[in-house]
Every structure is written in C-alpha cells, then in structure tokens.
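Structure first, commentary second.
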Amino acid sequence: MEQVLDWYQENKRALPWRNTSPWGVLVSEFMLQQTPVQRVLPQWHRWMELWPTPADLAAASLSDALREWGRLGYPRRAKRLHQCAQVIVTDHGGEVPASLNELRALPGIGEYTAAAIRAFAFKESEVVLDINIRRLYARCWSGIATPTNAPNNSERELAKNLIPVGDDGRWAAATMELGALICKARTPLCSHCPLADICTWRALGYPQSEVEKRTSAQWQGSDRQCRGVIMNALRAAPEVKRQELTKLWGNQSQYEKAIASLLDDGLIEKRGSNYALAR
DNA sequence: AAGGCGGGGTG
DNA sequence: CACCCAGCCTT
C-alpha cells in the first residue's frame, strides 16, 4: 500500500498534535472523541498552554478543566481527562504510559484511543480503528458504503493484515487522513483517491448502482467485514482454496455467505476448485 | 448488543 | 431537516 503512504506524505494536514509530546497526543485524542478536528484546534492549544504536562492538569481544579473545555460537547470527557492526569501522576510517575494495557486502564481511554496513542505518540504499529479508517476499509476492501456501529473481530483481522511490515504508526495516520479528506462519509472524492483502482466499492459501481444499494442493505452485523477479509486474501495470492478461505476467521457460515455474495456480485470467481479475484 | 451522552457544521 | 464527527461507558 505504498500509494497510500505516498499520498499521505504529499497531502497531510499540518495538525499540531502530529509532532508533540505523548501528553499532547493524549489530550488531542480525548478532545477528538466524536468532535471534528477544526473545532478541537483552538481548545487544544489553550489546554496545552495552561497544562503542558499531566502534573499541571492534575493540580488544577475540575471546575477549571470543565470551564476550559468550553463548548466541545460531551463534558464527561473533560472530567475523565482530569482524572486520567491524576492517575498518570500517582501511578505512572507523571509520564503517559506506553503499553496497551496500561493505557486501556486509564479513565476515558478505550480500544481506539489506546491504539491511537501508541501509534501517534510512541510510533508503534497498531490496529487503529476510528470512523475514518473503518469507512475506508469498509468501502475499499469490503465493498460496503458504511461501517457497522462498532468494530468486530473480522474487521480487526482485516485491519491487522493490511498494516505494512515494519510500520511505525504512519499507516494509521495515513489511512485516517485518507478517510477524513478523500473517502468522506457524504461526498467521497474518488477521483483524487490513491486507492480508486483497487476499491471494491467502486468496482460495485458506486455511487448509485442497484448492486451497491442491495449490498449495503443486505449485509448487517458481524458478517459484513468477512467480505473484506476474503478480498484481502485473494489480493495476496492468485488462487486460494476454499478450505483456506474458511479458516481465515471464526465462524464458517459467515464465510459461506460472504463467498456466495462476492460470487454473486461478480467480484470473485471459481477457478477449478479454487477461488480468485474476478478478471 | 443497545442506548446515552453535546454541540455545531453541512448537504 | 437528518446526518456527521480520530468514542467511551453503563445497562
């Protein structure tokens, strides 16, 4: 996926939390939970000016933190961030911890935020699944317009398989930026997308084909991302045995349904007893 | 697995 | 007007 990393290098926004301390990254991630980038920018600068380290915020009052949160929304996040700073001081010597388990144990940090902090602050290769990345994967690799409400295991498996070997967190940053700037929810800019020629969603005839409508409506719940796992496996090898496909992840019946739908959509085809991408 | 939690911008 | 946004936590 070199084209994605190249696109990122050329087109990334100069966001202030791209080059800051782990604490700066952590604060940005709290603010960005369900709040758009443009509205976070001024508030982030204000917080980093007032409280440049976890100890500074931990020493402040909760009411100060809530006041400086302003109108970002979901003010419980300000309270959790304040608590988070206090735990970092008492349990981690005032330094943002670097391990997944320690991060997940902090108040207000869930699956996404822990992985994002490791990728962006500590340059670790992580499975990062925010709404931008999930939408990009759903479309490009699963041929589905909109991701499910929450990540499932087949989606995590697909994401894990897509990370380039030797990644330093740039893959997460690049795919997130691509989802935010190009593969947008309402008006995707496919003509500018470095993945346009391999995108399954486009192969299905986005934006308004009957196939796409049917595919989105028909696929619900944890079955949906299996399409992506299968498509990814078939991209990696010219032909794959059915037995190999059904062993890729979990529930076999999900694969039976996914294979059938991909055949029906004309995205894959049978080659003797094997399967391959359609020509 | 589903629902609650804010607020502001956009098609 | 409905939808969308670098989710998390509690039923």
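A note on names: the letters A, B, ... follow the listed sequences, proteins ahead of strands, and every chain is numbered from 1.
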Exercise for review: Using a heavy-atom cut-off of under 4.0 Å over every strand shown, decide if Leu15(A) touches base, sugar-phosphate, or nothing.
Suggested key: base
Practice item. Give the first and the last nucleotide of DNA chain B, reading 5' to 3', that has any atom under 4.0 Å from a heavy atom of chain A. Key: dG4(B) to dG11(B)
Check your understanding: How close or far is atom C1' of dC5(C) from atom CD1 of Ile133(A), stated in whole angstroms?
Key -> 15 Å
Review point. Looking at Arg104(A) and Glu102(A), does any basic side-chain N land under 4.0 Å from a carboxylate oxygen?
Key: no
**Study point:** Exercise: do Asn152(A) and Ser154(A) side chains pair donor with acceptor under 3.5 Å
**Key:** yes
Review point. Considering only the P atoms, how many Å lie between dG4(B) and dA6(C), rounded to the nearest integer?
Key: 23 Å
Study note, to complete from the structure: The residue among Thr200(A), Asn232(A), Asp265(A) that forms side chain to side chain donor-acceptor pair (under 3.5 Å) with Arg227(A) is Asp265(A)
Review point. Should the pair Lys12(A)-Glu177(A) be classified as a salt bridge under the 4.0 Å nitrogen-to-oxygen rule?
Key: no
Review point. Arg80(A) or Arg18(A): which one's nearest nucleotide on DNA chain C is closer to the 5' end?
Key: Arg18(A)
Practice item. Could you state the atom-to-atom distance from CE of Met176(A) to P of dC5(C) in whole Å? Key: 13 Å
Practice item. Assign Ser28(A) to base, sugar-phosphate, or nothing according to its heavy-atom contacts below 4.0 angstrom with the strands shown. Key: nothing
Check your understanding: Within this structure, what is the CD-to-P distance between Gln34(A) and dC4(C), rounded to whole angstrom?
Key -> 12 Å
Check your understanding: Should the pair Glu111(A)-Arg156(A) be classified as a salt bridge under the 4.0 Å nitrogen-to-oxygen rule?
Key -> yes
Revision key, fill the gap. Assign each of Arg135(A) and Arg76(A) the nucleotide of DNA chain C bearing its closest heavy atom; nearer the 5' end lies the nucleotide of Arg135(A)
Check your understanding: Given the P atoms of dC8(C) and dG8(B), what is the spacing between them in whole Å?
Key -> 23 Å
Point to revise | Gap in Å between the two P atoms, one belonging to dG6(B) and one to dT11(C), rounded | key: 16 Å
Practice item. Rounded to the nearest angstrom, tell me the gap between atom CZ in Phe30(A) and atom C1' in dG7(C). Key: 11 Å
Check your understanding: How long is the line joining CG of Asp130(A) and P of dC5(C), in whole Å?
Key -> 9 Å
Check your understanding: Given the side-chain rings of Trp51(A) and Trp23(A), with only the six-membered ring counted for Trp, is the space between their centroids under 6.0 Å?
Key -> no
Review point. With sugar-phosphate meaning primed atoms plus P, OP1 and OP2, does Val37(A) contact a base, only sugar-phosphate, or nothing at under 4.0 Å between heavy atoms?
Key: base
Review point. Could you give the OH-to-C1' distance, from Tyr8(A) to dA6(C), as a whole number of Å?
Key: 12 Å
Review point. Per the side chain to side chain contact (heavy atoms under 4.5 Å, CB included) rule, which among Glu126(A), Met176(A), Arg18(A) passes with Phe120(A)?
Key: Met176(A)
